Amino acid sequence: MVWQWALMVVAVAFAVLIVFLIKTLQAGTKTLENTAQTLKEVQKTMDELTYEVKQVVRHTNDIALDANHKLKQLDPVMESVKNLGQLLNEVTLVSQQYSHRMIEKAKHHRENKEKQKRENGGAALLPESEESPAVQSYKATYGSEGRSGEGVGVQKIVKWIDTGASVWQKFRR
């Protein structure tokens with residue numbers, strides 16, 4: 001009889017275990033179903049986002065190609081600006097050299113004038129001939145017209161600068 005009771009207790013315990021196992025499996029099944037549903041929704045959302053991301057990437061590529069094309073069109077302009085900068089730098093250098101030469105000529109002229117004053121007892125003399133350095137310096141500065149012809153000298157400088165710029169551009173090409 002003890003065997004019967006023991007067998008009965010084992011049977012009841014087995015039945016209780018089975019009931020709890022069934023409840024656990026049912027809860028697991030519900031969880032798996034919810035997980036499967038969530039995964040389906042995530043997959044659907046991912047598919048929609050993938051399509052939108054592909055569209056954004058396509059538009060971005062189009063914009064990048066357009067920007068690249070426009071930048072290539074600006075390359076000659078930038079090259080011209082660079083060349084113009086170099087040209088202006090060289091014109092400035094030439095102008096600077098010209099200014100230095102003119103200052104040196106003026107100093108030399110002043111020194112000659114002071115030397116003549118010292119040699120002649122302080123009296124300033126007018127140049128005797130067209131060949132004197134003072135007359136030549138004056139003509140080089142103002143031309144043969146004198147003060148009224150100052151615009152002519154500037155025109156000559158501008159003409160030389162234009163000629164130099166043209167030669168430089170031809171040389172650069």
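Not measured: the values here are computed from a predicted model. FYI, side chains are in, hydrogens and waters are out, and symmetry mates aren't considered; it's all heavy atoms of this structure.
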| Taking atom CG of Leu39 and atom CG of Leu32, what is their separation to the nearest 0.5 Å? | 10.0 Å
| query | Considering only heavy atoms from C-beta outward, does the side chain of Glu90 approach that of Val94 to under 4.5 Å? | reply | no
| In Å, rounded to the nearest 0.5 Å, how long is the span from NZ of Lys82 to OG of Ser80? | 11.0 Å
| Connected via hydrophobic side-chain network under 4.5 Å: Leu88 and Val81 | no
| task | First locate atom CE of Met46, then atom CD of Glu41, and finally report the distance between them rounded to the nearest 0.5 Å. | result | 14.5 Å
| said: Applying salt bridge (Lys or Arg N to Asp or Glu O under 4.0 Å) as the test, list every pair that has at least one member in residues 63-77; sequence neighbours left out. | reply: Asp66-Lys70
| query | Do Phe20 and Val12 belong together in a cluster built from hydrophobic side chains that touch within less than 4.5 Å? | reply | yes
| Derivation of the side-chain contact (heavy atoms from CB on, under 4.5 Å) call for Glu48 and Lys44 | CA-CA 6 Å; Glu48 291 172 0; Lys44 182 180 176 184; 3.7 Å; yes
| query | For Gln73 and His69, does a side-chain donor sit closer than 3.5 Å to a side-chain acceptor? | reply | yes
| task | Check whether any side-chain heavy atom of Glu33 lies under 4.5 Å from a side-chain heavy atom of Gln37, and answer yes or no. | result | no
| Between Gln97 and His100, is any pair of side-chain heavy atoms under 4.5 Å apart? | no
| Can you find a heavy atom in the side chain of Glu104 that is under 4.5 Å from one in the side chain of His108? | no
| field | Inter-residue atom distance Gln43.CD - Thr50.OG1, 0.5 Å rounding | value | 8.0 Å
| request: Report yes or no: do Ile161 and Leu87 belong to one cluster of Ile/Leu/Val/Met/Phe/Trp/Tyr joined by side chain heavy-atom distances under 4.5 Å? | output: yes
| said: To the nearest 0.5 Å, what is the distance between OG1 on Thr29 and CG on Asn34? | reply: 11.0 Å
| said: Are Leu17 and Val9 connected into the same hydrophobic cluster when the rule is that any two of I, L, V, M, F, W, Y join if their side-chain heavy atoms are below 4.5 Å apart? | reply: no
| message | Can you tell me how far apart NZ (Lys54) and OH (Tyr51) are? Round to the nearest 0.5 Å. | response | 10.0 Å
